[in-house]
Amino acid sequence: MRRKDAGLTKKKTIYHLTKGLRDNLDRFVMHYALLPDRAIFSERDLPWIEMIRANWQSIRAEAIAIRAADIPSLGDISPDHGRIAADRRWRSYFLEGYGYRRRENRARVPTTASLIDSIPDLVTASFSVLEPGCHIPRHRGMTKGLLTFHLALKVPQDREHCWIQFETPEGLRVIPWEDGRTILFDDTYNHAVWNNTSAPRYILLLQVRRPCRWPARAVLRVFMWGVRYSRFVQDIRKRLDARQA
């Protein structure tokens, strides 16, 4: 009789199940993309960034009023994040994702909610908190059809020990967060995160569709619609709903 080693069995996530589709999508998207294929972009590349950055202190005030202990660990509400969310000190306060709005969370941060509502092509929005000692291992995102944005809200005083590291064609690039500063990047480039300090780090984390010409823009909308109804998103939605019950 053959024995199954449960420890060696890995649950396939949406990342693994859609790999072939995503590879084809990425090639198609980049053919029509309005921004080049690079790891890190300028904040001038998307016009709404200046508006968000100019209001960072108002966003910060709302974010840090929420205790880290009251924000769920990403690994507890998103099984598909797998190993990268194994460290339960990574917490996520969801405001919006793939067309679903968390009204109970948005009600606590009305200024932030109003500001993100003015962002075109918004896909996800959350406050991301790294508690002291948290490490997110090297990983890459789902598709080049998304760009990821960080607005640093509360960075530990020892900020040189709280950073994100990117693998770029030019080599490793390490960027410490700094209060009020932004990072716009393509998360399909491998990256990892550390908070090797004694204080929590708060950021506003957004994902938006990459600017593209037609027909890639239409294809991206269809792909994101499919992700909206995937187990990946539905599991998060159901677990967040259960927390409110």
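In this text the structure is predicted, and so the values were computed from the model without any measurement.
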Inset, instruction - Only counting residues at least two apart or in another chain, list the ones meeting salt bridge (Lys or Arg N to Asp or Glu O under 4.0 Å) with Arg228. - result: none

Inset, instruction - Would you please name every residue forming a side chain to side chain donor-acceptor pair (under 3.5 Å) with Asp121, sequence neighbours left out? - result: Arg209, Arg217

Inset, instruction - Mind checking side-chain contact (heavy atoms from CB on, under 4.5 Å) for Arg60 and listing every partner two or more places apart, or none if nothing turns up? - result: Trp56, Ile64, Leu153, Lys154, Asp179

Inset, instruction - Tell me, yes or no, whether the heavy-atom count around Arg173 atom CZ, taken from other residues, nucleotides or ligands under 6.0 Å, exceeds 12. - result: no

Inset, instruction - State which residues pass salt bridge (Lys or Arg N to Asp or Glu O under 4.0 Å) with Asp37; sequence neighbours excluded, sorted by chain then number. - result: Lys144

Inset, instruction - State which residues pass ring pair (Phe, Tyr, Trp, His ring centres under 6.0 Å) with His161; sequence neighbours excluded, sorted by chain then number. - result: none

Inset, instruction - List for me each residue that meets salt bridge (Lys or Arg N to Asp or Glu O under 4.0 Å) alongside Glu167, sequence neighbours excluded, and say none if there are none. - result: Arg138

Inset, instruction - Please state whether the rings of Phe232 and His81 are parallel, tilted or perpendicular, taking 30° and 60° as the class boundaries. - result: tilted

Inset, instruction - Over all heavy atoms of both residues, which pair between Leu122 and Ala125 is shortest? Give the atoms and the distance, please. - result: CD2-CB, 4.3 Å

Inset, instruction - Compute whether any side-chain donor of one residue and acceptor of the other, for Gln234 and Arg237, lie under 3.5 angstrom apart. - result: yes

Inset, instruction - Considering only NZ, NE, NH1 and NH2 on the basic side and carboxylate oxygens on the acidic side, decide whether Arg210 and Asp26 come within less than 4.0 Å. - result: no

Legend entry - Within residues 32-53 or reaching into it, pairs that qualify as ring-ring contact (aromatic ring centres under 6.0 Å, His included) - sequence neighbours excluded: Phe28-Tyr32, Trp48-Phe149

Inset, instruction - Share the residues that join Leu172 in a hydrophobic cluster, the rule being Ile, Leu, Val, Met, Phe, Trp or Tyr side chains under 4.5 Å apart at the heavy-atom level. - result: none

Inset, instruction - Quick one: name the residues clustered hydrophobically with Trp214, using the 4.5 Å side-chain heavy-atom rule over I, L, V, M, F, W, Y, and just say none if it's on its own. - result: none

Inset, instruction - Report the residues that fulfil side-chain contact (heavy atoms from CB on, under 4.5 Å) with Pro211, sequence neighbours left out, ordered by chain and then residue number. - result: Leu34, Leu35, Leu46, Leu147

Legend entry - Minimum-distance pair of heavy atoms, taken over all atoms of Ala33 and Cys212: CA-SG, 3.9 Å

Inset, instruction - With sequence neighbours excluded, give me every side-chain hydrogen bond (donor to acceptor under 3.5 Å, both in side chains) pair touching residues 125-136. - result: Trp90-Ser128, Arg91-Glu131, Ser128-Arg201, His135-Trp194

Legend entry - Listed partners of Asp187 passing salt bridge (Lys or Arg N to Asp or Glu O under 4.0 Å), at least two apart: none

